[in-house]
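Start at 1 with the first residue, then count along the sequence.
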Amino acid sequence: MSGLSLIMKGQGFKVQGSDINDNKNIDRLKREKIKIFLGQSKKNLKDATIVVISSAIKNNNPELIEAKRKKIPIIKRGEMLASIVSLMKNIVVVGSHGKTTTTSLITSIFQETKIDPTIINGGVINSIKNTAKLGKSEWSILEADESDGSFVHISPTYSIITNIDREHMDFYKSMKDLKKYFIEFINKVPSFGKSFICLDDKVNSELVKSIKNKNFYTYGIKESSNFVIKNIKQFKSYSKFDILVKLPNKANLNIKDFKIPLLGIHNIRNTVGAIGIALTVGIPIQKIKNGLKNFKGVERRFNKIFTYNKVNFYDDYAHHPTEIKVVLDGVRKVFKNYEKICIFQPHRISRLKDLKKEFTHAFKDADTVILCPIYSAGEKIKIGFKYDDFAREIIKNSNVRLIMVEDNNQLAKYLKHNISGKKIVIGMGAGSISNWIKQLPDLMK
């Protein structure tokens, strides 16, 4: 939403907005002279002629109720995004996980060229220090949110489908329903464009069999992919790999020595999706390599925050079992002989209820889990089971030591007395855990 508002202001719209809490995104918007209300009230809609809502807005929201009463047009974020970029050549990144990183990688590659694209991302891209930028060219690079199905309103020129997982089932109701939306989106890519689908993902590999219009390329470790990942080497601060490009009616091309300042096979896959797009639109190989080597990362994607007693503390957005698994798998492969401590804050009661079993198996590559209270994100529903029982199931199914804390003060107290030696600490979640991690140095004094 913040990225969209920045682009709309740049295009001449008069934009204002509201949120329930202050945060860094709001600070960035204020610096751009966008009016922000803290707290949501019908009074905020004075003089508004269009209301754009995110998937987080519930039916009892006072601004939504007032917009309906005043018969102001109400548009979902995805629909407005589609309208804004409808006259541009665009690259649209969708999927359950990895969208923000993939969008940022494409951006980093484009920054090595003379093309100046409009960018709208779900997270802060460190190289532009923002979630969005209005470019001067006819190109746009977008992360599309699939949480409410509105991503299908966007007509992509090129698209990347990173993966499809059981997520946002309050909207989709079934995996069959979720797949239908992605097929509809893929089928919107025109003949002069192309979709790039990660074949390593189980649901994606099922999906490609049912897509009648074969206007797509695949990428992944699987040998049947069009862009095959080869010779992977992972280190603490970077990863290296080669790609074998196998396209119809063209000779195979073996491109060696790609280097990215990221760890984890999931990030290598995301990178290869970005490389596939870049090669297809005609960006030279050396510029692609330079863009990846110079990639400055994304906020909340395994970022080192501070060091305490020679132990490094990291912050990551992982809040779904699949994301937790891939981050810990990447850490395990390069931080050998380290004790791995995961501070986990569940995000949304509905997600925890739906994926309870999967969460309990997600921490097998950790040694210790510090379990924080659930960040409800405004949900008022009942959890339906005892939180202590959930903790015990994590211990049993992931074979970890587990400590429960009530707040960030308890967390700081525990860490102060127990953190030293060859350890690595990773905070995970989509709620307030990032702020908790950043506050730890002061609290541990």
Side-chain angles (χ1 to χ4, degrees), residues 78 81-82 85 89-107 109 120-123 140-169 171-172 174-222 224-229 243 245 247 264-281 320 322-323 326:
L81 182 61
V85 302
K89 282 198 251 180
N90 57 54
I91 299 166
V92 186
V93 182
V94 299
S96 300
H97 318 294
K99 297 186 293 292
T100 298
T101 300
T102 306
T103 307
S104 304
L105 285 160
I106 300 167
T107 298
I109 293 169
I120 303 180
N121 203 23
S140 63
I141 303 169
L142 318 169
E143 174 186 338
D145 173 27
E146 83 287 356
S147 63
D148 61 357
S150 60
F151 72 106
V152 298
H153 294 291
I154 302 170
S155 295
T157 315
Y158 296 90
S159 72
I160 293 181
I161 297 86
T162 57
N163 44 62
I164 302 172
D165 208 343
R166 187 177 175 83
E167 180 76 312
H168 307 299
M169 300 315 286
F171 176 80
Y172 290 104
S174 71
M175 286 299 290
K176 185 180 178 182
D177 191 26
L178 178 62
K179 286 182 198 174
K180 275 184 184 177
Y181 273 80
F182 276 93
I183 290 171
E184 182 183 343
F185 175 78
I186 292 166
N187 285 335
K188 294 186 80 167
V189 174
S191 58
F192 53 84
K194 197 71 70 176
S195 288
F196 291 76
I197 304 171
C198 182
L199 205 57
D200 293 343
D201 179 68
K202 183 183 174 185
V203 181
N204 271 357
S205 61
E206 293 169 0
L207 206 69
V208 296
K209 295 171 187 174
S210 58
I211 299 171
K212 293 176 183 177
N213 180 7
K214 301 300 179 184
N215 188 29
F216 60 83
Y217 291 144
T218 57
Y219 65 93
I221 294 168
K222 285 187 179 178
S224 55
S225 302
N226 297 114
F227 295 81
V228 188
I229 306 166
I243 299 178
V245 183
L247 300 181
I265 184 61
H266 60 299
N267 280 320
I268 294 172
R269 289 187 181 109
N270 294 336
T271 304
V272 174
I275 292 168
I277 288 270
L279 287 170
T280 304
V281 301
H320 183 283
T322 301
E323 295 167 349
V326 294

Applying side-chain hydrogen bond (donor to acceptor under 3.5 Å, both in side chains), name anything that partners [X], two or more places apart in sequence or on another chain.
X      : result
Ser225 : none
Thr103 : none
Thr100 : Glu143, Arg301
Ser104 : Asn121

State the [atom1]-[atom2] distance between [X] and [Y], to the nearest 0.5 angstrom.
X      : Y      : atom1 : atom2 : result
Thr271 : Ile109 : OG1   : CD1   : 8.0 Å
Ile268 : Ile221 : CD1   : CD1   : 7.5 Å
Ile275 : Tyr219 : CD1   : OH    : 11.0 Å
Leu199 : Ile161 : CG    : CD1   : 12.0 Å
Phe171 : Asp177 : CZ    : CG    : 7.0 Å
Lys180 : Leu207 : NZ    : CG    : 13.0 Å

Partner set under ring-ring contact (aromatic ring centres under 6.0 Å, His included) for [X], not counting sequence neighbours:
X      : answer
His168 : none
His153 : none
Tyr172 : Tyr181
Phe185 : Phe151

Reference residue Thr157; test side-chain contact (heavy atoms from CB on, under 4.5 Å); the match among Val92, Val281, Ile91, Asn90: Asn90

More than 12 heavy atoms of other groups within 6.0 Å of Lys214 NZ: yes

Any donor-acceptor N or O pair under 3.5 Å, side chains Thr322, Asp165: yes

Contact list for residues 199-210, test side chain to side chain donor-acceptor pair (under 3.5 Å), sequence neighbours left out: Lys179-Glu206, Asp200-Arg269

Side chain to side chain donor-acceptor pair (under 3.5 Å) pairs, two or more places apart, involving residues 187-199: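 As it turns out, the side chain to side chain donor-acceptor pair (under 3.5 Å) pairs with a partner in residues 187-199, which skip direct neighbours, are Ser159-Ser195, Lys194-Asn215.
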
Salt bridge (Lys or Arg N to Asp or Glu O under 4.0 Å) partners of residues 90-101, not counting sequence neighbours, each pair once: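 The answer is Lys99-Glu146.
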
Residue pairs, two or more places apart or on separate chains, that pass salt bridge (Lys or Arg N to Asp or Glu O under 4.0 Å) and touch residues 152-163: none

Step-by-step ring-ring contact (aromatic ring centres under 6.0 Å, His included) determination, His97 to His320: CA-CA 9 Å; His97 318 294; His320 183 283; 4.6 Å; yes

Pair Ile265-Val326, side-chain contact (heavy atoms from CB on, under 4.5 Å): steps then yes or no: CA-CA 8 Å; Ile265 184 61; Val326 294; 5.7 Å; no

Asn163 and Cys198, any side-chain heavy atoms less than 4.5 Å apart: no

Asp145 vs Leu81 side-chain heavy atoms within contact, under 4.5 Å: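 Of all side-chain heavy-atom pairs linking Leu81 with Asp145, none is under 4.5 Å.
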
Backbone N/O of Ile197 and side chain of Thr218: donor-acceptor pair under 3.5 Å: no

Parallel, tilted or perpendicular, as decided by the 30° and 60° cut-offs, for the rings of Phe196 and Tyr158: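 Answer is tilted, since the angle falls between 30° and 60°.
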
